[in-house]
Amino acid sequence: MTEGSKNSLEKFIAACDELITCKFLVAESKIEKILACLAETPPVYELVSECMEQFNRDREISKAFVQDSKGNYMCLMPKEEYKIIALTFCMLADINADRIDFTDYVKRFFDNGEGISPFKNFISTMILPFRNLICEAFGYPTIELSEKIVMAPIDKVEEEENQVAVMPERQLSDGEQLAKVCEVSKRIVAQILQELEPYRRDRHVDDLKSICYALIMACEDQDFDCLRGLTIGLKYASKGVRAIKFLVRELDENVEEYLVKLTDLNN
């Protein structure tokens, strides 16, 4: 590992530690920092990419966030290490992109009623294993929380009958949903442009930037058909540009999620 990669890896670990030890009110800014550091850390980026390639996002999320037969919501983390990394990354990306309400998500799925705050339970259930698995992969020491954290029950709940998969979701009107998908898309595109900024005198990157500027205009006009078409174009045109791989995937998932909702409404 190069000295630069080592330094960026240590910054990523430090960003995880900041989230683990921070107050709930500033947690979302710490999540944003983790994702920024991840994108700038090639070894971690490649590790997460490998985990995502084997990961069925929709299926694993439906298995992880459930409601048992008694009506209790909870998070059941997968046992496979690569799934823990991939699932945690997906949820952090969704929180950062405002696809889910962070406060509602933490209160709903991590309040186990055993005297531990939902945020601490979220940290111990998702963030700490995510941080430690990545540290183990690169030979860095793992950590434990200073206070005993009660984990969400897994084995017993997995045996419960009539589990219903539940995803945290805001109830918005049609117009509000379109405005939201455009707002989130515009934010992601702005991050993509920021990642492309260091590339200069590159015709391919210039073409990608042109698509991004057109995407921003589509978001401002709330033209979903144009937004979707340009997103598909960016998805294929950006293949091989590793710096924006995750961001393009976020944009595509954000648009496709709204398309599914739109299709359901029209059926």
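Starting from 1, each residue takes its place in the sequence as its number.
- Nearest approach of C226 to A218, heavy atoms of both residues: SG-CB, 3.9 Å.
- Checked by atom type, the side-chain pair T2/S5 shows a donor-acceptor distance below 3.5 Å.
- Using a 4.5 Å heavy-atom cutoff, the side chains of I216 and L193 are in contact.
- Using a 4.5 Å cut-off on side-chain heavy atoms (C-beta onward), K63 and L76 make no contact.
- In this structure, D206 CG and I211 CD1 are separated by 11.5 Å, a value rounded to the nearest 0.5 Å.
- Between M126 and Y105 the shortest heavy-atom distance is SD-OH, 3.2 Å.
- In this structure, CG on L247 lies 12.5 Å from CZ on R187, to the nearest 0.5 angstrom.
- L35 CG to E250 CD: the interatomic distance, rounded to the nearest 0.5 Å, is 7.0 Å.
- For the pair K235/T231, no side-chain contact is recorded, criterion being any heavy-atom separation below 4.5 Å from C-beta on.
- Rounding to the nearest 0.5 angstrom, the gap separating the CD atom in Q177 from the CD atom in E257 is 9.0 Å.
- Side-chain contact between L251 and L215: present, with at least one pair of heavy atoms (C-beta onward) separated by less than 4.5 Å.
- Taking the ring centroids of F110 and Y73, they lie at or beyond the 6.0 Å cut-off.
- D252 has its side chain out of reach of L234: every pair of non-hydrogen atoms, C-beta onward, lies at least 4.5 Å apart.
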Task: Verdict with reasoning, K180 to Y258, per side chain to side chain contact (heavy atoms under 4.5 Å, CB included) - done: CA-CA 9 Å; K180 189 65 177 179; Y258 178 75; over 6 Å; no
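- For residues 210-224, the set of pairs meeting the side chain to side chain donor-acceptor pair (under 3.5 Å) definition, not counting sequence neighbours, comprises K186-E220.
- Listed for the N254 side chain is a donor-acceptor partner under 3.5 Å among the backbone atoms of V181.
- Of the charged side-chain nitrogens involved, at least one lies within less than 4.0 Å of a carboxylate oxygen, so that R57 and D94 count as a salt-bridged pair.
- Shortest non-hydrogen contact noted between C219 and L227 is SG-CD1, 3.9 Å.
- Annotation: side chain to side chain donor-acceptor pair (under 3.5 Å) contacts involving residues 28-52, sequence neighbours excluded, comprise E18-K30, E18-K33, E46-R242.
- The side-chain heavy atoms of M52 and C90, taken from C-beta on, include a pair separated by under 4.5 Å.
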Open item on the list: What verdict does the side chain to side chain contact (heavy atoms under 4.5 Å, CB included) test give for L196 and V241, after you've listed the backbone C-alpha separation in whole Å, the side-chain angles of each residue and the deciding distance to 0.1 Å?
Closed with: CA-CA 9 Å; L196 292 176; V241 185; 4.1 Å; yes
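- The shortest non-hydrogen separation linking V189 to C212 is CG1-O, 3.4 Å.
- Between D111 and K107 there is no salt bridge, since no side-chain nitrogen of the basic residue lies less than 4.0 Å from a carboxylate oxygen of the acidic one.
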Open item on the list: Show, in sequence, the C-alpha distance, side-chain angles and deciding distance for E253 and R99, and conclude whether the side chain to side chain contact (heavy atoms under 4.5 Å, CB included) test is met.
Closed with: CA-CA 10 Å; E253 289 176 353; R99 283 194 287 272; 4.3 Å; yes
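- Counting only distance, with no hydrogens or angles, the side chain of T125 and the backbone of F122 share no donor-acceptor pair below 3.5 Å.
- Put simply, the side chain of S117 gets close to the backbone of K120: a donor and an acceptor are under 3.5 Å apart.
- Contact annotation: the side chain of D17 approaches that of R131 to within less than 4.5 Å [non-hydrogen atoms, C-beta and beyond].
- Of all heavy-atom pairs between A97 and I188, the closest is CB-CD1, 4.5 Å.
- Other residues, nucleotides and ligands contribute over 12 non-hydrogen atoms within 6.0 Å of the NZ atom of K209.
- Closest non-hydrogen pair, I244 versus S238, comes out as CD1-CB, 3.7 Å.
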Donor-acceptor pairs under 3.5 Å, side chain of residues 80-89 to any protein atom, not counting sequence neighbours: which ones?
from, atom 1, to, atom 2, distance (Å)
K83, NZ, E60, OE2, 3.0
T88, OG1, I84, O, 2.8

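- The main-chain N or O of A237 is found under 3.5 Å from a side-chain atom of H204 such that the two form a donor-acceptor pair.
- Contact annotation: the side chain of F138 approaches that of V44 to within less than 4.5 Å [non-hydrogen atoms, C-beta and beyond].
- If you take SG on C135 and CD1 on I143, they are separated by 7.5 Å, rounding to the nearest 0.5 Å.
- The distance from the CZ atom of F109 to the CD atom of Q67 is 8.5 Å, given to the nearest 0.5 Å.
- Under a cut-off of 6.0 angstrom, the local environment of CD in Q194 is sparse, with at most 12 non-hydrogen atoms contributed by other residues, nucleotides or ligands.
- Between F119 and F24, the ring planes lie perpendicular to each other; the angle is over 60°, past the 30° to 60° tilted range.
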